[in-house]
Structure formats: C-alpha cells, structure tokens
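Residue numbers begin at 1 in each chain, while the letters A, B, ... track the order of the sequences.
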There are 2 protein chains.
Amino acid sequence: MALDPRRLLILRDVARAGSISAAARTLGWTQPAVSQHLARLERDAGAPLLLRGPGGVTPTEAGELLLRRADVVAAELHAAEEELAALTQLRAGRVRLVAFPSAAATLVPEAVGALAAAHPDVTVGLEEAEPPEALAAVASGDADLALVFGYDGPPAGLGPLVWQRLLDEAVHLVVPPGRRGPGRRGLAALAADDWIGGCVRCRTHLVECCEAAGFTPTVRHTTDDYVVVQALVARGLGVTVLPASALAAYRHPDVQVVPMASLGRRHVGLVHRPGADGVPATAALVAEVRRAARDTA
Amino acid sequence: MALDPRRLLILRDVARAGSISAAARTLGWTQPAVSQHLARLERDAGAPLLLRGPGGVTPTEAGELLLRRADVVAAELHAAEEELAALTQLRAGRVRLVAFPSAAATLVPEAVGALAAAHPDVTVGLEEAEPPEALAAVASGDADLALVFGYDGPPAGLGPLVWQRLLDEAVHLVVPPGRRGPGRRGLAALAADDWIGGCVRCRTHLVECCEAAGFTPTVRHTTDDYVVVQALVARGLGVTVLPASALAAYRHPDVQVVPMASLGRRHVGLVHRPGADGVPATAALVAEVRRAARDTA
DNA sequence: GAGAAGGCATAACCTGAGCTTGTGGCCCTC
DNA sequence: GAGGGCCACAAGCTCAGGTTATGCCTTCTC
C-alpha cells in the first residue's frame with residue numbers, strides 16, 4: 001500500500017514519454033525494467049494506472065491522480081537539488097561565528113572580509129564571547145564556529161567538540177616605564193604589585209601563574225581591553241600580562257614588555273561540532289581564519 | 001547528485017525521531033541500516049545534513065533545507081494514498097459510458113441506478129451512440145465503457161478492445177395485423193413489401209438477411225425508435241424486424257411477431273480497453289450491467 | 001495476407017543495493 | 001570506572017531490481 005516515490009517518478013517519465021519503451025530509452029534502461037516498476041506500483045496502488053493500448057499507454061483516473069502528485073514531488077526534488085548546489089558552491093549559506101574580543105578585532109575582520117569578497121552571498125553572523133560562553137554556544141547549536149583560546153592547551157570543557165589549533169603565542173609581562181624587570185626571582189618579585197586582570201579565563205591563568213610562583217596577586221583593576229590595560233600600566237597603576245598578539249595589535253609606547261616563559265603560552269584555535277567542518281560555508285570560513293592566522297604568525 | 005526521495009523521507013524520520021537509533025526503532029530496522037542511508041544521502045547531497053552529537057543529531061542548514069522539501073514530498077505521498085483509497089473503495093471515481101439507444105432505455109438505467117445507490121460518489125457519464133461511434137469513443141479514450149451489439153457475433157472493428165458478451169437475443173419479423181405469415185418461403189415472401197429500417201448497423205443486417213433470401217428490400221421508412229416502428233407496422237405501412245428485447249420493452253397490441261431463425265441473433269455486450277476492467281469504478285459498473293443483463297434474460 | 005515493426009508481458013538469470021549481525025569508539029551518567 | 005546510549009565501520013547474506021530472451025498482440029506496408 002505504501003507507494004515508493006521513485007516509482008511515482010518512473011510513472012511520470014512513462015506518461016511523458018508516451019510509452020513504456022520510450023521511457024526506458026530515456027532512462028537508459030530496458031523495457032522490462034520499467035514494466036516491472038509499473039506493475040509493482042499498480043500492485044501497491046491497488047488499481048491500474050495506465051491502460052496499455054497500441055502505440056503506447058494512457059493514464060487512468062488513478063494514474064492522472066498520481067501524475068499530479070508526482071509532478072509536485074519532482075519539482076520539490078529539483079528545487080532541493082538547486083538549493084543544495086547553491087550551498088555547496090557557496091552561492092548561499094550562513095555561518096554563525098563566536099569569537100573572543102581581541103580575536104574579533106584582528107583575525108576575524110580579515111577572515112570574514114576575505115570570505116565576503118570571495119563569496120558575497122555567504123552571510124557570516126559574528127558574536128563576541130569569552131571561550132566558556134563560546135563553547136556553550138557551539139555545543140548548543142547556537143553557533144557554528146567558535147574562536148577560542150586556552151592556556152597551555154585547548155580550553156577546558158570541550159566535550160565532544162572538535163578543536164583546531166590555529167596558533168600559539170607567548171604571554172608577556174607588561175610593566176610601567178622605568179620599572180626594573182623581575183630578574184631571576186621571576187614573578188615573585190611582583191608579589192606586592194597591583195595587578196590588572198582581563199577576562200575571567202585570563203585572570204584565572206594569571207592567578208595560577210602567580211600562585212605557582214608562591215603568591216596570590218592583588219587584582220586591583222579588571223578590563224579585557226588591551227588598549228585600556230596598557231594605558232593603566234603606562235600610568236604606573238599596575239602590572240599585567242598580555243599575549244603577544246594583543247601587543248602586536250597595539251603597543252603603548254611607554255610600557256615595558258618582558259618575555260617570561262613561566263607565564264606559559266596562549267593557544268588560539270577554532271572549535272566546532274564534529275562534522276561541522278564539512279559544511280561548505282563553515283569550511284570556507286575555517287579556511288579563511290586559518291589563512292589569516294598563518295599570515296599574522 | 002540525484003537525490004533518492006526515499007532517503008529524503010528517511011532523513012525526515014530521523015529528524016523527527018531525534019536520533020538515528022530512534023528512527024531505526026520506529027522503522028523496524030537496525031541502526032546501521034538508517035546510518036548507511038543517511039551516509040549515502042549526504043554523499044549524494046555533497047554536504048553534511050546532520051551533525052552527530054551526544055544523545056542525537058541536529059540538522060545542518062542543508063539538512064533543514066531538505067527537511068522542508070521532504071515534508072512536502074511526504075504530504076503529497078500521503079494525499080495520493082488517500083485519494084487512491086477513495087478510488088479503490090468507490091468513494092470517488094468516474095465512468096464514461098456509451099450505449100446504443102435501446103440499451104440506454106432498459107439495461108442502463110437499471111445498472112446506473114443500482115451503482116448510484118450503492119456508491120453515490122461514483123459519477124457515471126452516459127452518452128448515446130450506435131456501436132461504431134461507441135467503439136471509436138472507447139478506442140480513443142473518450143469513453144471507458146461501451147454497450148454495443150453485433151449480429152451473429154461481436155461487432156466488427158473491435159481492434160484491441162475487449163468484448164464481454166452480455167446476452168444473445170432472437171430477431172423477430174414484425175408484420176401488420178391480419179397479414180399472413182411468410183410460411184415456408186421465408187423472407188422471400190416479403191420481397192415486394194415496404195420495409196422499415198432502423199439504425200445503419202441494423203439496416204445493414206436486414207439487407208444482408210434479405211439478400212441471403214434472394215432479394216433486395218425496399219426500405220421506405222427509417223427510424224431507430226422501436227415504438228415508432230411498431231406504430232408504422234400496425235398501420236400497415238411496412239414490415240420490419242426487431243430484436244426480442246425491443247419487443248419485451250414495448251409491444252404494440254396490433255402487430256404480429258413472427259420468430260424467424262434466418263434473421264439471426266443479436267449479440268449485446270460490453271466493450272472496453274484492455275485492462276479497463278481493473279479500474280474500480282469501471283469494474284463496478286460492468287458488474288451492475290452484467291447483473292441487469294442477467295436479470296432481464 | 002505475409003512480413004516487418006513497435007508495443008507489452010513473462011520467465012529466468014545474476015549482480016549489487018541494502019538489509020543484517022558484530023564490533024569498537026566516544027560521550028554522558030550514576 | 002562500570003554501564004548505557006549514541007554513532008560509524010566491516011563483513012556477510014538475501015532479495016530487489018536490473019538484465020537477456022522470448023512470445024503475443026496490433027498496426028502498417030507492400
């Protein structure tokens with residue numbers, strides 16, 4: 001009783017061709033193949049669909065009925081293939097990207113700009129969020145791609161998500177002008193200083209590094225804006241740490257930058273759901289972000 | 001690249017069930033079966049359609065696209081099955097019947113009336129036509145069923161059409177009141193009479209019978225109305241032949257009816273295109289006509 | 001009318017699509 | 001860390017769905 005939609009399309013071909021043999025020729029099949037499909041369809045339908053006459057075949061009332069439906073099915077199928085082709089050829093599509101703020105200011109504009117230039121009909125939605133929220137957005141399906149970072153490895157809480165490393169960068173100590181470096185004592189030399197913290201994740205890393213050096217930092221100021229941070233440091237209001245890319249993007253002329261291995265390295269990467277890198281629009285954006293990362297490295 | 005509509009429906013089942021395993025359970029299949037169908041569909045589509053996450057699966061942009069189309073396809077299929085069921089259960093349908101005039105006055109009303117009573121939603125279109133035109137109508141597809149007759153066998157020119165014999169009837173000589181019968185001389189005794197002819201086919205048969213008896217009849221009057229014919233005969237305006245059923249339907253009190261084997265027999269039957277007797281509505285009407293013929297015989 | 005041509009169905013065969021079972025990996029939950 | 005749910009992958013087996021071969025039908029042509 002259940003109709004096979006493929007046979008509906010075959011019925012349509014036969015009706016258009018006017019005979020079973022003619023339909024077989026257009027399908028590149030033999031006549032019995034088509035004949036058997038029709039016989040099966042008629043059995044499933046419970047009524048004759050075509051009357052076999054000399055020189056061809058004419059639909060019955062039931063046949064006409066199915067032909068009307070088959071036309072709709074064929075149209076839907078064709079439209080689906082068209083839309084699908086648009087997606088795979090990047091003539092359509094949408095990517096929802098979540099990125100952490102400093103990336104949004106550097107990598108993202110370059111990548112999104114390049115994608116828009118190459119494929120103007122692919123739309124990119126950008127949202128700023130720190131790694132934990134970004135991961136949640138991707139995991140829940142609210143975003144397709146997240147630009148996130150972690151210290152000394154991928155961020156925690158990846159779950160089933162896929163991590164694609166983009167670049168590692170050093171984390172530097174940033175101190176006011178004229179201030180002497182920490183020397184061999186390392187971070188411990190700054191135990192008494194006021195500290196400027198960034199986002200939650202960065203501050204956590206900062207605190208961990210300090211505690212590894214034997215003290216708990218006094219975090220007096222908090223901002224994740226690396227321009228603001230440097231302005232505060234330049235005025236002597238505190239010390240901080242900044243990843244190399246933030247300093248590459250903007251470097252206040254007065255601050256001192258001190259490389260320190262004990263501050264670890266920041267790992268920047270893309271995160272998406274497994275398989276999402278097969279989605280054409282997402283893959284294209286991933287490629288552009290990777291290119292941008294390679295260019296800035 | 002060509003999408004298999006069956007897999008589209010499977011995709012739909014999976015999306016509705018929320019996971020491949022759940023869809024497999026509702027389909028009564030195993031999980032790998034569904035998994036393979038999806039893999040093939042994604043290959044044909046050229047893009048991932050579902051992202052596999054923990055606890056189930058969520059459609060991609062391409063997947064959503066196909067799901068919308070699949071909904072339409074499923075709706076069409078369902079509607080087609082509904083309409084088909086209506087046809088096979090005689091809750092809908094149409095039969096176009098062509099019948100020769102005297103049948104239209106006797107068999108047809110009974111049969112069509114019975115069909116209408118049993119299946120009020122099946123519509124019957126009736127048209128009157130003599131056998132040759134009736135056969136042409138069926139052959140060309142303008143009619144589904146024809147009630148026709150032939151003398152001493154099925155009518156000529158059947159071609160590929162199917163003949164279903166309904167009944168045979170005697171053909172009687174009809175002469176004015178008081179007139180002596182033909183006796184052993186047979187038809188030849190009426191060589192000098194005026195004859196009343198019916199339709200073309202009937203007159204042809206009349207002429208053939210007379211010529212077999214050695215003369216060519218003078219056909220003075222022509223009408224295919226058996227009431228009119230008998231009125232003419234009753235007034236002594238001519239002689240004629242009439243099939244038994246015409247005389248059973250109406251018998252003028254004054255005419256004499258003389259059975260004559262040499263007038264042959266008239267064969268009444270149904271004609272349809274091969275396979276048309278499988279069409280539910282047509283089959284139902286055929287059955288009613290046969291019943292009516294059996295009852296009148 | 002005999003033959004050729006074109007249509008369809010049927011039968012028998014054979015390959016591969018599409019099921020199955022079995023297994024392993026991954027994630028989450030308890 | 002044991003258990004359960006999800007998935008993909010691999011290998012096997014069965015039958016759907018092709019094929020070729022054949023026969024019958026009607027129509028057209030000479």
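A/Asp277 and A/Ala283 make their closest contact through O-CB, 3.3 Å (heavy atoms, listed as atom of the first residue, atom of the second, distance). Heavy atoms only, all atoms of each residue included: B/Trp163 and B/His267 are closest at CH2-O, 3.8 Å.
Within 4.0 Å of B/Gly53, counting heavy atoms only, lies no atom of the nucleic acid at all. In this structure, B/Pro274 reaches neither bases nor backbone, as no heavy-atom distance under 4.0 Å exists between it and the strands shown. At the heavy-atom level, A/Arg25 lies under 4.0 Å from the strands shown only through sugar-phosphate atoms.
Of the listed residues (A/Val98, A/Leu161, A/Val138, A/Val271), just one forms a side chain to side chain contact (heavy atoms under 4.5 Å, CB included) with A/Val148, and that residue is A/Val271.
Atom C1' of nucleotide D/dC7 and atom CG of B/Leu49 are separated by 16 Å, given to the nearest angstrom. For the pair A/Gln31 CD and C/dG7 P, the computed distance is 9 Å after rounding to whole Å. Protein atom CG of B/Leu41 is 17 Å distant from nucleotide atom C1' of D/dA8, rounded to whole Å. Counting to the nearest Å, the C1' atom of D/dT26 and the CG atom of A/Leu51 are 16 Å from each other.
B/Glu42 has a carboxylate O that lies under 4.0 Å from a charged side-chain N of B/Arg52, or vice versa, which qualifies the two as a salt bridge. Between B/Glu83 and A/Arg69 there is a salt bridge, since at least one side-chain N of the basic residue sits less than 4.0 Å from a carboxylate O of the acidic one. Ion pairing of B/Asp71 with B/Arg12 is present here, as a side-chain N (NZ or NE/NH1/NH2) and a carboxylate O approach within less than 4.0 Å.
A donor and an acceptor atom sit less than 3.5 Å apart, one in the side chain of A/Gln36 and one in the base of D/dT19.
Here A/Thr30 reaches the OP1 or OP2 of D/dT19: one of its side-chain N or O atoms lies under 4.0 Å away. At the phosphate of D/dC25, neither OP1 nor OP2 sits under 4.0 Å from any side-chain N or O atom of A/Arg52. Close to C/dC19, at under 4.0 Å from its OP1 or OP2, lies a side-chain N or O of B/His37. B/Ser35 has no side-chain polar atom (N or O) that falls below the 4.0 Å cut-off from OP1 or OP2 of D/dC7. OP1 or OP2 of D/dC7 sits under 4.0 Å from a side-chain N or O of B/Ser21.
Closest contact between the side chain of B/Pro160 and the listed nucleotides C/dC19, C/dG18, D/dT26 involves D/dT26.
Rotation axes derived from the C1' atoms of the five outermost pairs at either end of the helix from C/dG1-D/dC30 to C/dC30-D/dG1 lie 30° apart, to the nearest 10°.
In summary, the side chains of A/His119 and A/Gln89 do not present any donor paired with an acceptor at a separation below 3.5 Å, with no hydrogens or angles considered.
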